[in-house]
Amino acid sequence: MPVRPERSFFEQDATVVAQELIGKMLFRKTASGTASYIITEVEAYMGEEDQASHARFGKTTRNAIMYAGGGHVYVYLIYGMYWMLNIVTGRVNDPQAVLIRGVTGYEGPGKVGRLLSIDKSFYGEDLVKSSRLWLAHSNHQTAFVQTPRVGIDYAGEFWKSKPWRYLMVQPPQNF
DNA sequence: AGCAAGATCGGT
DNA sequence: CCGATCTTGCTG
């Protein structure tokens with residue numbers, strides 16, 4: 001029986017939630033059934049001071065849900081074609097989030113959005129309660145490595161160099 | 001009202 | 001390396 005993380009899990013800092021998400025199950029229920037995936041790659045965005053974050057200019061129409069507290073879903077359309085799936089973390093008015101960049105077999109945030117049929121209707125979805133998108137603890141490998149975040153050249157060296165991308169360590173194929 | 005840029009991806 | 005494709009946020 002999958003156990004869903006509760007509110008307090010999402011209320012931690014994005015860097016903490018991000019590493020905890022590696023190896024967790026992500027469930028997506030549609031008309032054709034419920035599919036599950038293992039999260040393999042994420043990135044943390046740490047608040048208004050983080051110059052890589054969408055919250056760096058303060059609250060706007062697009063990022064307002066980032067201020068609503070941990071457990072909500074923040075989705076946005078990038079380049080007119082890819083829906084990015086983010087999980088809001090931290091407390092109310094502390095706009096942190098974790099971008100889901102990969103699940104088993106699908107590397108890249110655009111592919112994750114497409115695979116899970118994510119669209120604007122998921123903006124604000126509550127992962128603590130949702131019946132179409134939720135997380136669950138698992139027994140899968142949780143070892144990870146860290147690297148700088150991808151695609152944030154606009155953020156400046158200081159924030160660009162933060163090792164806030166987390167990748168599951170691949171188990172050896174042979175030995 | 002107009003415009004530049006974007007937490008990407010796939011094909012040259 | 002470049003185009004696709006469209007929403008957002010800033011400027012005027």
Side-chain angles (χ1 to χ4, degrees), chain A residues 9-24 26 28 35 37-127 130 133 135 144-170:
Chain A
F9 169 74
F10 298 105
E11 287 176 340
Q12 303 175 93
D13 277 350
T15 47
V16 174
V17 175
Q19 60 192 67
E20 293 274 328
L21 284 174
I22 297 297
K24 279 199 167 39
L26 181 58
R28 173 73 170 100
Y37 311 89
I38 298 164
I39 297 173
T40 58
E41 179 182 348
V42 298
E43 274 177 2
Y45 290 85
M46 287 297 285
E48 291 186 344
E49 72 277 13
D50 179 355
Q51 292 304 296
S53 173
H54 286 174
R56 66 191 181 281
F57 298 130
K59 190 190 257 189
T60 64
T61 304
R62 179 174 69 161
N63 68 23
I65 197 66
M66 293 178 79
Y67 292 75
H72 293 94
V73 169
Y74 168 43
V75 293
Y76 63 91
L77 186 65
I78 190 68
Y79 300 113
M81 51 185 101
Y82 303 107
W83 286 99
M84 304 282 106
L85 173 61
N86 297 256
I87 298 173
V88 176
T89 77
R91 300 283 187 154
V92 172
N93 287 328
D94 183 2
Q96 303 185 24
V98 174
L99 170 65
I100 307 300
R101 292 189 55 90
V103 298
T104 38
Y106 296 85
E107 190 176 323
K111 294 177 189 172
V112 170
R114 208 170 44 189
L115 177 68
L116 301 189
S117 302
I118 297 301
D119 60 34
K120 188 151 190 80
S121 73
F122 281 86
Y123 187 91
E125 192 87 0
D126 187 351
L127 294 179
S130 176
L133 185 67
L135 288 167
F144 61 87
V145 293
Q146 296 175 237
T147 80
R149 295 170 292 182
V150 173
I152 54 163
D153 286 347
Y154 57 82
E157 278 308 316
F158 181 78
W159 296 100
K160 225 174 116 177
S161 63
K162 296 285 185 186
W164 290 343
R165 175 181 179 224
Y166 303 82
L167 292 149
M168 182 185 285
V169 173
Q170 300 302 121

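Naming convention: chains lettered A, B, ... in sequence-line order (proteins, then strands); numbering from 1 in each chain. Because the structure is a prediction, the values reported are computed rather than measured.
- Remark: A/Asp13 does not engage A/Arg91 in a salt bridge, criterion side-chain N to carboxylate O under 4.0 Å.
- When heavy atoms are screened at a 4.0 angstrom cut-off, A/Lys160 is found touching no nucleic acid atom at all.
- Residue A/Phe57 places its side chain closer to C/dC10 than to any other of C/dT7, C/dC10, B/dA7.
- If you check every strand for non-hydrogen atoms under 4.0 Å, A/Arg149 touches nothing.
- For the pair A/Lys59 and A/Tyr67, the cation-pi criterion (under 6.0 Å, within 45° of the ring axis) is fulfilled.
- With rounding to the nearest 0.5 angstrom, the CG atom of A/Leu115 is 9.0 Å from the CG atom of A/Leu26.
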Distances under 3.5 Å only, N/O to N/O: pair up the protein atoms with those of nucleotides 8-12 of chain B.
from	atom 1	to	atom 2	distance (Å)
B/dT8	OP1	A/Arg101	NH1	3.3
B/dT8	O3'	A/Gly110	N	3.4
B/dC9	OP1	A/Gly108	O	3.4
B/dC9	OP1	A/Pro109	N	3.1
B/dC9	OP1	A/Gly110	N	2.9
B/dC9	O4'	A/Tyr82	OH	3.0
B/dG10	OP1	A/Arg114	NH2	3.1

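- For the atom pair CZ of A/Arg56 and CH2 of A/Trp159, the computed distance is 12.0 Å after rounding to the nearest 0.5 Å.
- Regarding contacts with the backbone of B/dA7, every side-chain N or O of A/Lys162 stays at 4.0 angstrom or more from both OP1 and OP2.
- Within the 4.5 Å cutoff, the side chain of A/Tyr45 has no heavy atoms near those of the A/Thr15 side chain.
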Output field dot_bracket for DNA chain C (Watson-Crick or G-U, both distances under 3.5 Å, | for other-strand pairs) contains ||||.||||||.
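- When side chains are defined from C-beta on, A/Phe9 does not count as touching A/Glu11, because their heavy atoms never get closer than 4.5 Å.
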